[in-house]
Number of protein chains: 2
Amino acid sequence: MGKADFSPIADTTRRAEIVALLRRAILTGQLEPGQKLNELRISEQMRVSRAPLREAMRELVQEGILTSIPYAGTFVIEVTAKDIDDAYSFNKVTDELAIERAWPLRDQRFFDELDRRHEAVKQATRALDTTRQIETALQLHGLIYEWADNSVLLETWQRLTSRLQMYFALHQQARNEAVPAEDVHETYVRLLKGKDMRAAQRHAREHIDLDFEELLAYARGLEQRPSKGI
Amino acid sequence: MGKADFSPIADTTRRAEIVALLRRAILTGQLEPGQKLNELRISEQMRVSRAPLREAMRELVQEGILTSIPYAGTFVIEVTAKDIDDAYSFNKVTDELAIERAWPLRDQRFFDELDRRHEAVKQATRALDTTRQIETALQLHGLIYEWADNSVLLETWQRLTSRLQMYFALHQQARNEAVPAEDVHETYVRLLKGKDMRAAQRHAREHIDLDFEELLAYARGLEQRPSKGI
DNA sequence: GACAAGCAGATTGTCGACAATCTAACAAGA
DNA sequence: TCTTGTTAGATTGTCGACAATCTGCTTGTC
């Protein structure tokens, strides 16, 4: 009889769709940091009433990519160099934990999924789709969190992911350069398949070091000049 | 001229008040795990319309103490032994980071605040106010997070706090025993004032070990018998 | 009696309108 | 000129009603 394992059916509420739409707009940089979200305008554009829109915005406020001031408005969060530095320091520690927990649980399915996600990054890189490249890279990185079998750890990663994606997107958008052609994740994937856990942890730490250093330099540059208004 | 430093004025929206009310009800166990929140009933009891109530509920869903199923309802999260174990494992690591970061930033204000919060715990203990005891103990513990000067770390702690408070409240409520008369935080406070950071980290880890062990035993016991309906 | 179809009743999701509040421009007075 | 009070416009917060969906019961059929 039926061995089919169905995935959860799609969210059927407008609210959920609005959350997805807004999140995407923020993470791809369509909505800039500091920008105010005008409820009436957005609800008219989306052809929705303000109620589900406002509920969606509350979710994103709690997710940490919007911030709300009563009677003043809801804004996309500003990104400071310290924010990035904080996220970076924190991520170092959680990465270590995630690898430690996921390590003994690695199996064939893990390795297959690892390859699959790695392939997705490479494909996005070849296609020069920077947005998708950031997205897939974070998904590749997220596998150890999904495999660590710790709900709090996973949840924390997912929260952090939103902001990291936003940071990287801003960075990419700003420098407007061609994406690196070579594959920087090759070593990471190889180590996760190997036998030396410490080495994997060390590499993860050093790897994100590189990315973050670039980000930090960018953010510090931003903070030199005054932020332009809306 | 004026040297007064004013704290931000109180939240003036119904929504914020509702969030506080609901959170308190959940964290003190007035609303039991698994219980459904009937929007109409609650909004009538609070003399508020459903709009701000629903927005408040979205916030608490993202905070992790409520869970929502479209067209079915919003429920207080169920607490499993694994949830507690996950939170515990995770907290070990973040504690270590928090102490490490806060350590060089300790100053007189830190020590004063430490004493103040310690005193609050002792007072709640003397007054046999278990709810307040849990609350103040977590606030005492949270000081290292506030002092660590890392926004992501602090935010993560605040999210975790909600659930920890809920776990402990359930536990206390269930065993219905007198609270421990002696002060278990004495050593913790002393070590945080001392010179040996490693010792403080070790103690924090072992200290929460004790609390969590009890909690885990309780939660495992719960899962033996089937949960009663609403 | 078992089972499926269909029908209330209750509850959540969404809408449009009104009330409360903020912002910015302008006027009045020291 | 600077400050303070006022006012109009825009925007957010809140409300009550309607639509969509779920649940459990009833009914009819075999």
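Quantities reported herein were computed from a predicted structural model and do not represent experimental measurements. Lettering follows sequence order; numbering is per chain, from 1.
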- For the pair B:Ile42 and B:Leu37, evaluate side chain to side chain contact (heavy atoms under 4.5 Å, CB included) and give the outcome as yes or no after the intermediate values. CA-CA 7 Å; B:Ile42 294 177; B:Leu37 278 68; 3.8 Å; yes
- Message: Applying side chain to side chain contact (heavy atoms under 4.5 Å, CB included) to B:Glu113 and B:Arg109, what does each step give before you reach the verdict?
- Response: CA-CA 6 Å; B:Glu113 187 63 19; B:Arg109 269 185 57 234; over 6 Å; no
- Task: Evaluate the salt bridge (charged side-chain N to carboxylate O under 4.0 Å, His left out) criterion for residues B:Arg163 and A:Glu155: first the C-alpha distance (whole Å), next the side-chain angles of each, then the deciding distance (0.1 Å), finally the verdict.
- Result: CA-CA 13 Å; B:Arg163 262 171 284 183; A:Glu155 197 182 300; 2.7 Å; yes
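For the OP1/OP2 pair of D:dT14 and a distance below 4.0 Å, the side-chain nitrogens and oxygens of B:Ser49 include no atom meeting the criterion. Residue B:Arg14 has a polar side-chain atom (N or O) positioned under 4.0 Å from OP1 or OP2 of D:dC15. Contact annotation: A:Arg50 does not reach the phosphate of C:dC15 (side-chain N/O to OP1 or OP2, under 4.0 Å).
Side-chain N/O atoms of A:Asp129 and A:Gln133 include no donor and acceptor closer than 3.5 Å.
Closest non-hydrogen pair, B:Leu138 versus B:Trp157, comes out as O-CZ2, 3.5 Å. Of all heavy-atom pairs between B:Glu63 and B:Ser162, the closest is OE2-OG, 2.8 Å.
Out of C:dC15, D:dT14, C:dG13, the shortest distance to the side chain of A:Val48 is found at C:dC15. Nearest to the side chain of B:Arg15, among C:dG13, C:dC15, D:dG13, sits D:dG13.
A heavy atom closer than 4.0 Å to some atom of DNA chain D occurs in no member of residues 56-68 of chain B.
One can place CD1 of B:Ile69 at 11 Å from P of C:dG13, the figure rounded to the nearest angstrom. Between the CD atom of B:Glu55 and the C1' atom of D:dG13 there is a distance of 8 Å, rounded to whole Å. When the C1' atom of C:dA20 is taken as reference, atom CD of B:Glu17 falls 15 Å away, rounded to whole Å. The nearest whole Å value for the distance from the CD atom in A:Glu44 to the P atom in C:dT14 is 18 Å. The nearest whole Å value for the distance from the CG atom in B:Leu53 to the C1' atom in D:dT14 is 12 Å.
Direction change of the helix axis from one end of the helix from C:dG1-D:dC30 to C:dA30-D:dT1 to the other is 10°, with five pairs defining each end axis (rounded to 10°).
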Between the protein and nucleotides 9-11 of chain C, list the N/O to N/O atom pairs that are separated by less than 3.5 angstrom.
unit_1 : atom_1 : unit_2  : atom_2 : d
C:dT11 : OP1    : B:Asn38 : ND2    : 3.3

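Judged purely by atom type and a 3.5 angstrom limit, B:Asp115 has no side-chain atom pairing as donor or acceptor with the backbone of B:Asp112. A donor-acceptor pair is defined here as one N or O able to donate and one able to accept, closer than 3.5 Å; such a pair exists between the side chain of B:Asn150 and the backbone of A:Asp86.
Counted within 6.0 Å of CZ on B:Arg24, heavy atoms from surrounding residues, nucleotides or ligands total 12 or fewer; the atom is thus considered open.
Within the 4.5 Å cutoff, no side-chain heavy atoms of B:Arg14 are placed close to those of B:Ser49.
Checking A:Thr161, A:Thr156, A:Asp95 one by one against A:Tyr145, the side chain to side chain donor-acceptor pair (under 3.5 Å) holds for a single residue, A:Asp95.
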